[in-house]
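First up is the structure itself, then whatever we jot down about it.
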Protein chains: 2
Amino acid sequence: MAKYHDIYEDLKGKIEEKEYGAGTYLPSENELMKLYDSSRDTVRKALNLLASSGYIQKEKRKGSLVLDVGLISFPVSGLTSFKELERSAYRYHSKTIVSSFEYGHPNARIQKKLNVGPESFVYEIKRIRKIDGEKIILDEDYINAKIIPGLDAQIASDSIYEYIENTLGLPIAFARKEITVVKASEEEKKLLDLEGYDLLVCVKSYNFLEDATLFCYTVSKHRPDKFRFVEFSRREK
Amino acid sequence: MAKYHDIYEDLKGKIEEKEYGAGTYLPSENELMKLYDSSRDTVRKALNLLASSGYIQKEKRKGSLVLDVGLISFPVSGLTSFKELERSAYRYHSKTIVSSFEYGHPNARIQKKLNVGPESFVYEIKRIRKIDGEKIILDEDYINAKIIPGLDAQIASDSIYEYIENTLGLPIAFARKEITVVKASEEEKKLLDLEGYDLLVCVKSYNFLEDATLFCYTVSKHRPDKFRFVEFSRREK
DNA sequence: AAGTGGTCTAGACCACCGA
DNA sequence: CGGTGGTCTAGACCACTTT
């Protein structure tokens with residue numbers, strides 16, 4: 001099912017494999033209709049997906065221009081989790097260390113962040129991400145245990161997202177993220193290999209399920225020299 | 001024209017004005033068809049825009065849930081330029097100082113960034129952004145003069161984007177951005193009020209017109225404590 | 001059983017570009 | 001003038017939720 005999505009994946013693949021090279025035009029919508037034996041609307045849905053993710057630029061009365069799919073490395077974008085990054089093209093020698101795993105009632109700050117009361121239960125997990133032998137990233141996750149039950153340190157050392165999506169079958173849908181720069185605390189200096197840096201790039205993220213439930217608040221702190229965020233954005237209007 | 005866009009704007013406004021409150025559902029697609037006297041497809045286009053910009057979450061067989069439109073401040077996202085930020089809700093006492101304005105052939109690095117030859121002409125503009133009396137941001141713009149002619153220091157001190165879009169009538173379409181953290185050079189320490197910080201948040205941006213012409217490469221460096229980037233992202237699949 | 005959003009189709013008109 | 005993408009319409013079937 002979801003024909004338009006199949007067409008999107010197919011075209012995306014062919015652009016990445018240079019079958020449709022940068023600077024050339026895709027077949028017209030009329031031709032794509034025939035190629036994929038589908039209606040124009042369906043083809044256009046696929047093309048819109050390609051445009052919004054930066055693969056093509058649609059030009060009126062000319063066609064769909066294939067863009068140069070440049071470097072796509074270390075995106076915080078698209079809800080990518082650390083575990084997914086490992087699997088990506090940019091493969092690091094990486095390791096996750098669970099430095100603390102707690103379960104209990106949240107303090108006032110976390111109650112507010114997760115929008116829960118003092119009687120609720122929350123997992124508080126701290127993890128250190130090691131890349132090429134250096135402790136680079138510190139992740140703090142605050143997870144609503146009522147929504148995400150059954151976590152343990154073993155799952156945390158693997159991938160919490162995979163557990164949520166595959167084991168629990170809960171669909172992660174969207175996130176609000178904020179990137180700032182903060183001073184490193186003494187504890188953070190001890191936990192990470194900061195090499196003299198006293199600032200950290202701080203990515204705070206509110207993560208939601210498909211039914212718009214806020215299930216997790218994450219604070220991810222990166223050593224400045226190892227942080228990189230890439231974005232493709234279209235201008236409104 | 002562009003009915004679906006009008007509907008989008010109307011609904012967006014009503015969500016921002018709390019006419020449709022967070023946590024409630026929008027009228028069903030069927031009702032919206034009648035409300036706006038349009039077809040279902042047109043209504044759905046508007047709803048998709050709302051969803052992709054984070055205003056609603058569509059839930060199958062239930063409806064379009066209105067999300068809590070939180071803080072939207074200082075987004076680098078969406079191609080927002082400094083001049084637009086000024087006009088936004090978060091109004092700063094701000095001022096732009098053109099610290100250097102040059103016109104000539106580009107060096108090898110800029111030739112590569114702008115994808116032009118050594119015989120081409122490029123504007124190289126440095127601007128300091130003052131917010132509340134403090135010099136916080138340093139912008140370097142490298143602009144292809146063949147595409148964007150007629151720039152001068154006066155325009156640079158106002159808004160280059162406005163000049164491109166309104167005076168020249170050229171449509172700015174999309175950008176590729178990269179955020180990293182870099183060490184401040186001695187020159188940058190002199191130009192900005194860094195208050196002891198020796199790192200800067202560096203936003204590099206390749207900016208394109210609607211016909212996918214690369215017209216401008218920008219490097220924008222921010223004092224770490226004044227930098228903030230907010231993003232809404234949907235999970236693929 | 002009624003209502004919802006997700007998908008797909010077929011056809012239409014427009015504005016504009018290039019031959 | 002034919003081809004392009006942009007927009008809009010009307011109708012259809014599906015899977016599922018709610019009543």
Side-chain angles (χ1 to χ4, degrees), chain A residues 1-11 20 23-52 55-67 169-171 173-174 208-213 234-237, chain B residues 1-11 20 23-52 55-67 169-171 173-174 208-213 234-237:
Chain A
M1 271 305 137
K3 207 167 175 177
Y4 75 94
H5 198 271
D6 293 345
I7 299 176
Y8 163 69
E9 291 289 350
D10 191 59
L11 290 172
Y20 294 124
T24 69
Y25 287 89
L26 291 184
S28 76
E29 297 181 352
N30 236 307
E31 291 172 290
L32 290 173
M33 284 170 62
K34 291 168 200 159
L35 277 174
Y36 292 102
D37 189 31
S38 59
S39 75
R40 184 159 168 237
D41 224 50
T42 303
V43 165
R44 282 175 58 76
K45 270 187 203 162
L47 292 179
N48 284 334
L49 282 182
L50 287 172
S52 67
Y55 283 89
I56 63 169
Q57 172 71 2
K58 303 176 83 173
E59 300 180 358
K60 275 182 217 180
R61 286 146 236 123
K62 297 183 84 175
S64 299
L65 183 64
V66 178
L67 297 179
L170 295 173
F174 62 92
F208 296 82
L209 297 178
E210 214 165 78
D211 63 356
T213 322
R234 290 193 174 270
R235 189 161 175 88
E236 295 180 20
K237 251 326 183 22
Chain B
M1 273 303 138
K3 208 167 175 178
Y4 74 94
H5 198 270
D6 293 345
I7 299 177
Y8 163 69
E9 291 289 350
D10 191 58
L11 290 173
Y20 294 123
T24 67
Y25 288 89
L26 291 184
S28 76
E29 297 181 350
N30 236 308
E31 290 172 290
L32 290 173
M33 284 170 63
K34 291 168 201 159
L35 277 174
Y36 292 102
D37 188 32
S38 59
S39 75
R40 184 158 166 236
D41 224 50
T42 302
V43 165
R44 283 175 59 75
K45 270 187 204 162
L47 293 179
N48 283 334
L49 282 182
L50 288 171
S52 67
Y55 283 89
I56 63 170
Q57 172 72 2
K58 302 177 83 174
E59 299 181 357
K60 276 182 218 179
R61 286 145 234 128
K62 298 182 80 175
S64 298
L65 183 65
V66 178
L67 297 178
L170 295 174
F174 61 92
F208 296 82
L209 297 178
E210 214 165 80
D211 63 357
T213 322
R234 289 193 175 271
R235 190 160 174 87
E236 295 181 21
K237 267 295 178 33

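Each chain gets a letter, A, B and so on, in the order the sequences are listed, and its residues count up from 1.
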Check: Roughly how many Å is it from CG in A/L26 to P in D/dG5, rounded to a whole number?
Finding: 9 Å
Notebook entry, point to check: Can a donor-acceptor pair be found between the side chains of B/D211 and B/T213 at a distance below 3.5 Å?
Noted result: yes
Item checked: Listed partners of A/Y8 passing ring-ring contact (aromatic ring centres under 6.0 Å, His included), at least two apart -> A/H5
What's touching nucleotides 10-17 of chain C from the protein side, N or O pairs under 3.5 Å?
residue, atom, partner, partner atom, Å
C/dA12, N6, A/R40, NH1, 3.2
C/dC16, O4', A/R61, NE, 3.2

Next item on the list: Please identify each residue that fulfils side chain to side chain contact (heavy atoms under 4.5 Å, CB included) with A/S52, with sequence neighbours left out.
Entry: none
Notebook entry, point to check: Between B/T42 and B/Y36, is a side chain to side chain contact (heavy atoms under 4.5 Å, CB included) present by the stated rule, with each step listed?
Noted result: CA-CA 10 Å; B/T42 302; B/Y36 292 102; over 6 Å; no
Checklist line | Separation of atom OH in B/Y25 from atom P in D/dT18, rounded to whole Å | finding: 9 Å
Checklist line | Distance in angstrom units between B/N48 CG and C/dG6 P, rounded | finding: 8 Å
Margin query: Check this one for me: any side-chain N or O of A/T42 less than 4.0 Å away from OP1 or OP2 of C/dT9?
Written below: yes
Check: Can you tell me if the side-chain N/O atoms of A/R44 get under 4.0 Å from OP1 or OP2 in D/dG5?
Finding: no
Margin query: Using whole Å, what does the distance between atom P of nucleotide D/dT17 and atom CD of B/E29 come to?
Written below: 17 Å
Margin query: Rounded to whole Å, please give me the gap between CD in A/E59 and P in D/dG3.
Written below: 20 Å
Next item on the list: Give a yes/no answer on whether the side chain of B/Y4 brings an N or O atom under 4.0 Å of OP1 or OP2 in D/dC8.
Entry: no
Check: To the nearest angstrom, how far is A/M33 atom CE from D/dT4 atom P?
Finding: 11 Å
Next item on the list: Applying side chain to side chain contact (heavy atoms under 4.5 Å, CB included), run through A/S64 and A/L50 and close with a yes or a no.
Entry: CA-CA 10 Å; A/S64 299; A/L50 287 172; over 6 Å; no
Notebook entry, point to check: When rounded to the nearest 0.5 angstrom, what distance separates OH in B/Y55 from CG in B/L11?
Noted result: 11.5 Å
Next item on the list: Compare the minimum distances between each of C/dG6, C/dT4, C/dC8 and the side chain of B/N30, then state the nucleotide with the smallest one.
Entry: C/dT4
Checklist line | Spatial distance of atom CG (B/L47) from atom CG (B/L26) [nearest 0.5 Å] | finding: 6.5 Å
Notebook entry, point to check: How close or far is atom P of C/dT7 from atom OH of A/Y36, stated in whole angstroms?
Noted result: 18 Å
Notebook entry, point to check: D/dT7 phosphate, OP1 or OP2: any side-chain N/O from B/K3 under 4.0 angstrom?
Noted result: no
Next item on the list: Can you tell me the distance, in whole Å, between the CG atom of A/L32 and the P atom of C/dT9?
Entry: 13 Å
